[in-house]
There are 2 protein chains.
Amino acid sequence: MNDSAQIETTDGEESTSLYQRILNDIRGKIVSGAWAPGYRIPFEHELTVQYDCSRMTVNKALSQLAAAGLIERRRRSGSFVRSPRSQAAVLEITDIRIEVEALGLPYRYALEQRRERRSQPNDAERLSPVCPKKLVELNCLHYAGTRPFCVEHRLISLETVPDASVETFQEIAPGPWLIGRVPWSTAEHRISAEGADSLMAAGLDIDEGAPCLVIERRTWTADLPVTYARFIYAGVSHSLVARFEPS
Amino acid sequence: MNDSAQIETTDGEESTSLYQRILNDIRGKIVSGAWAPGYRIPFEHELTVQYDCSRMTVNKALSQLAAAGLIERRRRSGSFVRSPRSQAAVLEITDIRIEVEALGLPYRYALEQRRERRSQPNDAERLSPVCPKKLVELNCLHYAGTRPFCVEHRLISLETVPDASVETFQEIAPGPWLIGRVPWSTAEHRISAEGADSLMAAGLDIDEGAPCLVIERRTWTADLPVTYARFIYAGVSHSLVARFEPS
DNA sequence: GACTTTCTTATGTATATACATATTGACAGT
DNA sequence: ACTGTCAATATGTATATACATAAGAAAGTC
């Protein structure tokens, strides 16, 4: 993918834009390890000489590298290779409907239970730091074809999302309903493996104790909890993929 | 120190740069759902009027949004909200030693088995796309205190990493050994839940069939496979955390 | 109508310029 | 030796300008 930098001109100077070329060159030095973390990248004015261009062009390349987290820029000191080898992979969290349809199976959603209730001490850790007084609790099932694909257990804060009290969630799953309706600023996902308890086993139509992939998602807007969701997939049916590539 | 008065105005119009403000405004519209996917963002020249600034300033904001994947820019047509409904969360992949020590437990590494062998058809999917002819196969154990914490199964391509043939891996785990020694450009992680087979059960000192979290990692440098690693954690002992916050 | 050509338009890139701002290093004063 | 001041410097942001390029729209041609 990254090879073939020069496509048409054998000279290879005109194939991409100048700032892209500068960006690629520097990124290459970094990911190849030629410029180790902490290395001071040539100053902007040095690069302007090297590439015979204006500072703005160099600046554009370096700014993008900084935005991508590959380098750190310090006034008066210069730009430094950052990459402290922290392997951060990007995990795509897709909507369940999309997931199911990607498998070529028809998707179906079903609401099992809907309760509106006061919060219990138990909820505080799921809806932190400010546990709402009232919330909606849902149990849902997502089907892939005729087989249950995912069990969803969800809490929605009625203080942050008052509209949820007038929505039955019979026809629409809480995930898609919330998206777009509630701006959220932070999300945390906790992924673990658990053995199916009797409820999970019944919902997913698997044996009790069978391994399940559990994804817990908590979202906040500002500092207010929006929702807590717990998705349970039968172990054999599902896996998550996270990728890292230097953009 | 005590005087101030320029930063903290609740109005907060001057605290950041103009292009940052534009960027934040638009990103807010997108993540809040006010501008749905497919929506055409105001043209650059419209935004220059709205914010009373030059086109370059608007362009900088929009270019960054495009680089971040939030919008798509089309010549002559304008810029459109992209957001293909997939929330990307960042998954921190930490070294196992760090993980264990974060739990306040002493870490210990042990090599169970080391084999140098020719590749088998079986390996091709783990070390793709160009399966090396020779490789090192390792089975390792990572202890937290006296209890086994993680079972590691690893393949290292001897074509990409010839040095691995002269390393016994008795004292150092393959993960830390590889880091820094081999620059890698891409990594893929697959996370799933599995029931322990007899080998996993014996290694982790758990019952057969008990739920385990399995993380498979494949890394490449350029297009050459570097290593395949499979980490198995007892279900109760471990979870992964992925976070999303709009940068 | 199907096709080509030309025009228009929004974005893409590059430049020179200007001033702001943070930080370093040197120099001077106590 | 410590401290404060100040100039030098690299980055940060913003502007006006210029031309390139792609793609849609409109006009012209067969």
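Convention: sequence-line order gives letters A, B, ...; per-chain numbering from 1.
Out of D:dG24, C:dG12, C:dA10, the shortest distance to the side chain of B:Ser77 is found at D:dG24. Of the candidate nucleotides C:dT17, C:dG25, D:dG12, C:dG25 has the atom lying nearest to any side-chain atom of A:Arg76. In the set D:dG12, D:dA14, C:dT13, the nucleotide with an atom closest to the side chain of B:Ser17 is D:dA14.
Among the heavy atoms of the strands, none lies under 4.0 Å from A:Leu62. Residue B:Ser79 is classed as a sugar-phosphate contact, given heavy-atom separations below 4.0 Å to backbone atoms only.
Below 30°, between 30° and 60°, or above 60°: for B:Phe231 and B:His142 the angle between ring planes is between 30° and 60°, a tilted geometry.
Of the side-chain N and O atoms in B:Thr57, one or more sit less than 4.0 angstrom from OP1 or OP2 of D:dT15. When the side-chain nitrogen and oxygen atoms of A:Lys60 are compared with OP1 and OP2 of C:dA14, none of them lie within a distance under 4.0 Å. Considering only side-chain N and O atoms, A:Arg75 lies nowhere under 4.0 angstrom from the phosphate OP1 or OP2 of D:dT9. Side-chain nitrogen and oxygen atoms of A:Arg74 include none within less than 4.0 Å of the OP1 or OP2 phosphate oxygen of D:dT11.
Between atom CD of residue A:Gln64 and atom CD1 of residue A:Ile22 there is a gap of 11.5 Å, rounded to the nearest 0.5 Å.
The distance from atom NE2 of B:His45 to atom C1' of C:dT8 is 13 Å, rounded to the nearest whole Å. If you measure from atom OH of A:Tyr51 to atom C1' of C:dT15, you get 18 Å, rounded to the nearest angstrom. D:dT11 atom P lies 10 Å from atom CD1 of A:Ile41, rounded to whole Å. Summarising the geometry, the separation between CD on A:Glu72 and P on D:dA10 is reported as 17 Å, rounded to the nearest angstrom. One interatomic measurement links the two molecules: CG of A:Leu18 to P of D:dT21, which rounds to 14 Å at whole-angstrom precision. What separates CG of A:Leu65 from C1' of D:dT11 is a distance of 15 Å, to the nearest Å. Atom CG in A:Leu47 sits roughly 16 Å away from atom C1' in C:dA14 (whole-Å rounding). A straight line from CE of A:Met56 to C1' of C:dA16 spans 10 Å, rounded to a whole angstrom.
With A:Trp177 contributing its side chain and A:Glu167 its backbone, the two residues share no donor-acceptor pair below 3.5 Å. For A:Ser165 (side chain) and A:Pro162 (main-chain N/O), a donor-acceptor pair under 3.5 Å exists by modelled atom type.
For the pair A:Gln20 and B:Phe43, both in contact range of DNA chain C, the more 5′-proximal nearest nucleotide belongs to B:Phe43.
Evaluated for a ring-ring contact (aromatic ring centres under 6.0 Å, His included) with A:Phe149, the options A:Tyr233, A:Tyr143, A:Tyr109 yield exactly one hit, A:Tyr233.
Within 3.5 Å, a donor on the side chain of B:Arg55 pairs with an acceptor on the base of C:dG12, or the reverse.
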